[in-house]
Amino acid sequence: MSDTATETHQNAARYDHQATEQKWRAAWDEHKLFETDNDAPGEKYYVLEMFPYPSGRIHMGHVRNYAMGDVVARYRRAQGYNVLHPMGWDAFGMPAENAAMKNKVHPAEWTYQNIDTMRSQLKSMGLAIDWSREFATCDVEYYAQQQALFLDFLDKDLVTRKSAKVNWDPVDMTVLANEQVIDGKGWRSGAEVEQRELTQWFFKITDYAEDLLQSLDGLDRWPEKVRTMQANWIGKSRGLQMRFELTEPAKGFDGFDIYTTRPDTLAGASFMAIAPEHPLAKALAEDDAALAEFAVEVRKSGTSAEEMEKAEKLGYDTGLSVKHPVKPGETLPVYVANFILMDYGTGAIFGCPAHDQRDHDFARKYDRPIIATFVPTDHEGDADTFVVDEPYVPPKTETVNWINQPAGVATATGQEAIDATIDWAEQNKLGEGQVQYRLRDWGISRQRYWGCPIPVVHCDTCGVVPEKKENLPIVLPDDVDFETPGNPLDRHPTWRDCNCPKCGGAAKRETDTMDTFVDSSWYFARFTDPKAAEPTTKAANDWLAVDQYIGGIEHAILHLLYSRFFARAMGEAGHLDVKEPFAGLFTQGMVVHETYCDGDGNWIEPAQVKIAGEGNSRAAHHAQSGAPIEIGSIEKMSKSKKNVVDPDDIIERFGADTARWFMLSDSPPERDVIWTEAGAEGAHRFVQRVWRIVSEFAANSADDASLEGQTIEPSKAVLDLRRATHKAIAGVTDDIEKLGFNRAVAKIYELVNTLSSALKADAMAKDAGLKVEGRASLVSLLGLIAPFMPHLAEECWALLNEPQMVAQTRWPVYDPDLLKEDEITLPVQINGKKRADLTVAADADKATIEAATLTLDAVQRALDGGQPKKLIVVPGRIVNVVV
RNA sequence: GCCCCUGUGGCGGAAUCGGUAGACGCGACGGAUUCAAAAUCCGUUUUCUUCGGAAGUGCCCGUUCAAGUCGGGCCAGGGGCACCA
């Protein structure tokens, strides 16, 4: 009997997260607290986390991502902003088709089932999300609008259809993205990927290259790293395009253009090289079987990074030669070379072995002369021979001594010299300055079923014809089969058949669908009015840009660059007035975990591992068998390494608040966080601790309604508590503003520690003021905690009988006057090392502090009767005595 | 090869403007409570120390009254881009 009673008592004294969390989620839902009205008062704030791909279940990375966004959303709400915080699904893509092929389940069914699962998982996190705006990109209502956008882009000449080289998987019979080609093989089929020339649809992102680059400067709330990566990706370079004349015309060519960023090395040219795909090379190959074979051979060898690195520089001497543009009478041989890319510049170069590593390698192999055009300023001796062993490639800023330069070429320093050479070339009609970008147009055609159909029609009479807007949406057919590899739309008996929108005759639909990156390039705009009959409405201009966007660094280039392009294109098509979609961007780190491996090299799940010891002496063994287990490196959670922790398990065992709290503690949000069982338990202990402090306080102060309205002279304990509380409010507010969640967490811990020792039952019994102040302090604490652990905050709020819910109340405010101390302790340094403390009034002037400093024992000892050489007093900070 | 980031206790990290290095958490150790345990509470926890102190933020040098923080040169780890002419 007594055992049962004790047990019941203990259970009652613990916070029951399962029942409590559900209760408060229901309460928020009932009040429709997080549904956002586009026309609600208050300054707008749009917080968005990158929407998930519905792969099956959420993982810890999602928990971290959405916990961060939720802190921001709840914090801004509490500050009185009209907050938009929506959620949706990036739902098209290959995994659904792979599942269809493997498990004979329709991609739509598989996708929507996953969405249902993941939605309920996300809801169990207690996120302050407006679920009424939810959509999936595979919803007809969404992709219908995307098709409308496509037609508008087409109308504005932002889309083009052209032939391009793509990765073709001959087994799966589809184009693969570069990321899906691993070591030259298809990631799914394992087949050798071929380069195929196919006619594809492209978005003309290169039209915006300069704008996309320039505007990066204005994105001051983006990580520097992401801006740099985008700038590098766009890859702007300024150089010289110039024509080289053939000594004798060949196959109708009398010369060809080259592009160089180092025209200052022109005098050092010793050969010419063109890409195997260059029109001249192709023309020559018609009559030259050996050259044709050479071209095929070089392109057969892999395109992977490693292979490239090892690949030898290979050239084929065409027998042709060109006139040297700055050395009259001299000629240069023309090679077809494997290291020249048709994609960049003009697909042709002049080789300058003295100042370029690749050209140097080539020249040594094919025995071409090495002619320097400049040498280091400190070089002594024979200028012409110093680059024999390796090329000299100085930074553009380095001063050099010029040699072998033709008359009339400016020989200034670095970039100036390059610009001057371009001017010189232009004046002498040798060529002209050119800006080149590395950025390529965005190929969006995919030979896939599970994507947004491209709304165009192929008519024998009229050619490629855009579908009429009134015929949209072009809906994906349901009855498709995945038994045969390739695109089911191609094989569908009737779907392709249609009438030409122009002539009305029989025609065929485009069977390519759009890259899924198109879907995610404008979803943030759609959230502002998700049910509108047009892609966007006025609401998009009202809400955008997204004030705070949060997601993984892996999207630094693709998704974020495409979205920036889309905002511009949508502007051109009259759908949006905001050029930059994301005003603030934050890229969070991954969730990582130790890996465990048994003696046979099998990965072991964390749940089956027991660990003993600490530091270097940590040892692991199998929980059941006791077999020794090797503790491996800490890596990103992945199914293949079995180092995953399922959010569902954690939420069930510890509650959503614990999971959220742990994800935001300890590690700075931009860095990786290591998941540990101990850390999760620690977070859970804190949840219990807060609840216990509040319940005990509530129990102790229940009978003190009489204190209301009474004026009590505050004791020192009361004042200290008040000051600590206001300091915490100031600190946490500042930290959340800067997304320093880990620092905010630490400050909340400090306040809880202070409260825990201040609000002891006996102290409160002696000091009635503590009860009044304690309540005020706890109310502030709950306000601070609410964005992080919303369920716990509501439960404690109710325990204190506070009106309404925390989620309906304002962010706590602090009184700056209370942050000031009456007395402060200054560190006293002697020769820069701290040797003593000095307690003075906070407003003490320099003279007072100086006098007090000289009386300190440590200072007297150091002075040994003498005078300090120097006495530095920084009021409010430090004192330094120099002896 | 080019570009970028990061190095602080046993561990994650804090130090926001050049001004007390190690906040806060985890782990560990000691104690209280308990028949016992869990839970909880109270301590200790950078290193060395002759208990007075001394040293200390990857390494070396510099600027400064004062450097984790600024400058120069290294070392180590991580990331991005890459035959881009």
Side-chain angles (χ1 to χ4, degrees), chain A residues 10 13-14 223-226 228-229 231-233 235 237 239-240 258-263 265 273 303 305 307-309 311 313 337-341 343-352 355-359 361-362 393 395 436-438 553 556-557 613-618 661-662 665-668 670-674 676-683 685-686 688-689 692 731 734-735 738 740 742-753 756-757 760 825-837 861 868-874 876-883:
Chain A
Q10 280 178 347
R14 282 185 74 79
E224 186 64 42
K225 182 181 179 164
V226 174
T228 308
M229 281 167 76
N232 289 343
W233 187 263
S237 68
L240 175 68
I258 61 93
Y259 175 73
T260 178
T261 56
R262 294 305 293 254
T265 64
T303 44
E307 283 171 300
M308 294 286 208
E309 207 152 299
K313 302 285 171 283
N338 63 341
F339 64 97
I340 307 302
L341 305 174
D343 280 350
Y344 188 81
T346 59
I349 62 146
F350 72 80
C352 177
H355 304 299
D356 183 281
Q357 185 65 55
R358 292 156 307 176
D359 297 348
D361 296 345
F362 190 90
V393 189
Q436 282 282 340
Y437 299 92
R438 215 181 62 108
I553 186 80
I557 294 170
E614 65 170 308
N616 287 335
S617 64
R618 282 168 87 240
W661 186 252
F662 179 47
S665 324
D666 291 356
S667 288
E670 68 277 9
R671 272 195 233 172
D672 290 352
V673 64
I674 305 171
T676 61
E677 185 72 12
E681 282 165 6
R685 262 203 305 276
F686 182 66
Q688 295 289 353
R689 186 162 184 236
R692 202 181 322 110
D734 188 43
D735 288 335
K738 292 172 182 161
N742 58 320
R743 295 197 303 268
V745 163
K747 280 167 192 149
I748 290 173
Y749 270 117
E750 275 182 278
L751 178 58
V752 168
N753 288 343
S756 168
S757 40
K760 294 269 194 278
T825 302
L826 294 177
V828 176
Q829 294 182 333
I830 294 168
N831 291 335
K833 295 282 180 189
K834 192 203 162 191
R835 288 294 177 262
D837 284 313
R861 237 183 297 137
K869 275 190 201 146
K870 210 168 180 180
L871 189 55
I872 290 137
V873 175
V874 186
R877 294 222 91 137
I878 204 162
V879 180
N880 192 8
V881 185
V882 185
V883 293

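No hydrogens, no waters, no symmetry mates; every other heavy atom, side chains included, goes into these values. Chain naming here is simple, since letters A, B, ... match the order of the sequence lines and numbering starts at 1 in each. This is a predicted model, so every value here is computed, not measured.
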Q. For A:Gly351, does its backbone N or O pair with a side-chain atom of A:Asp359 as donor and acceptor, under 3.5 Å?
A.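 It does not hold such a pair.
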
Q. Considering only the C1' atoms, how many Å lie between B:G25 and B:A76, rounded to the nearest integer?
A.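 Going atom to atom, C1' in each nucleotide, I get 28 Å.
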
(Q) Say we look at B:G58 and B:U40: how far apart would their C1' atoms be, to the nearest angstrom? (A)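 My reading of the C1' atoms in B:G58 and B:U40 gives 42 Å.
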
Q: Classify the side chain of A:Lys747 versus the base of B:C24 as yes if they form a donor-acceptor pair under 3.5 Å and no if they do not.
A: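 It does not, because no donor-acceptor pair links the side chain of A:Lys747 to the base of B:C24 below 3.5 Å.
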
Paired with [N] by Watson-Crick or G-U wobble geometry, both distances under 3.5 Å: which nucleotide is it?
N     : answer
B:C81 : B:G1
B:G52 : none
B:A38 : none
B:G71 : B:C61
B:U6  : B:A76
B:U20 : none
B:A28 : B:U44

Scan [X] against the nucleic acid and name what it touches under 4.0 Å (heavy atoms): base, sugar-phosphate only, or nothing.
X        : value
A:Asp356 : nothing
A:Lys834 : base
A:Asn753 : sugar-phosphate
A:Glu750 : sugar-phosphate

Side chain of [X] only, heavy atoms from C-beta on: which candidate in [options] is closest?
X        : options             : value
A:Arg438 : B:G12, B:A85, B:A82 : B:A82
A:Tyr749 : B:G19, B:C24, B:G79 : B:C24
A:Lys225 : B:A54, B:G79, B:A85 : B:G79
A:Pro668 : B:A14, B:G12, B:C41 : B:A14

Q: Whole angstrom is fine here: how far is it from CD1 in A:Ile553 over to P in B:C5?
A: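 After rounding, the gap between these two atoms is 13 Å.
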
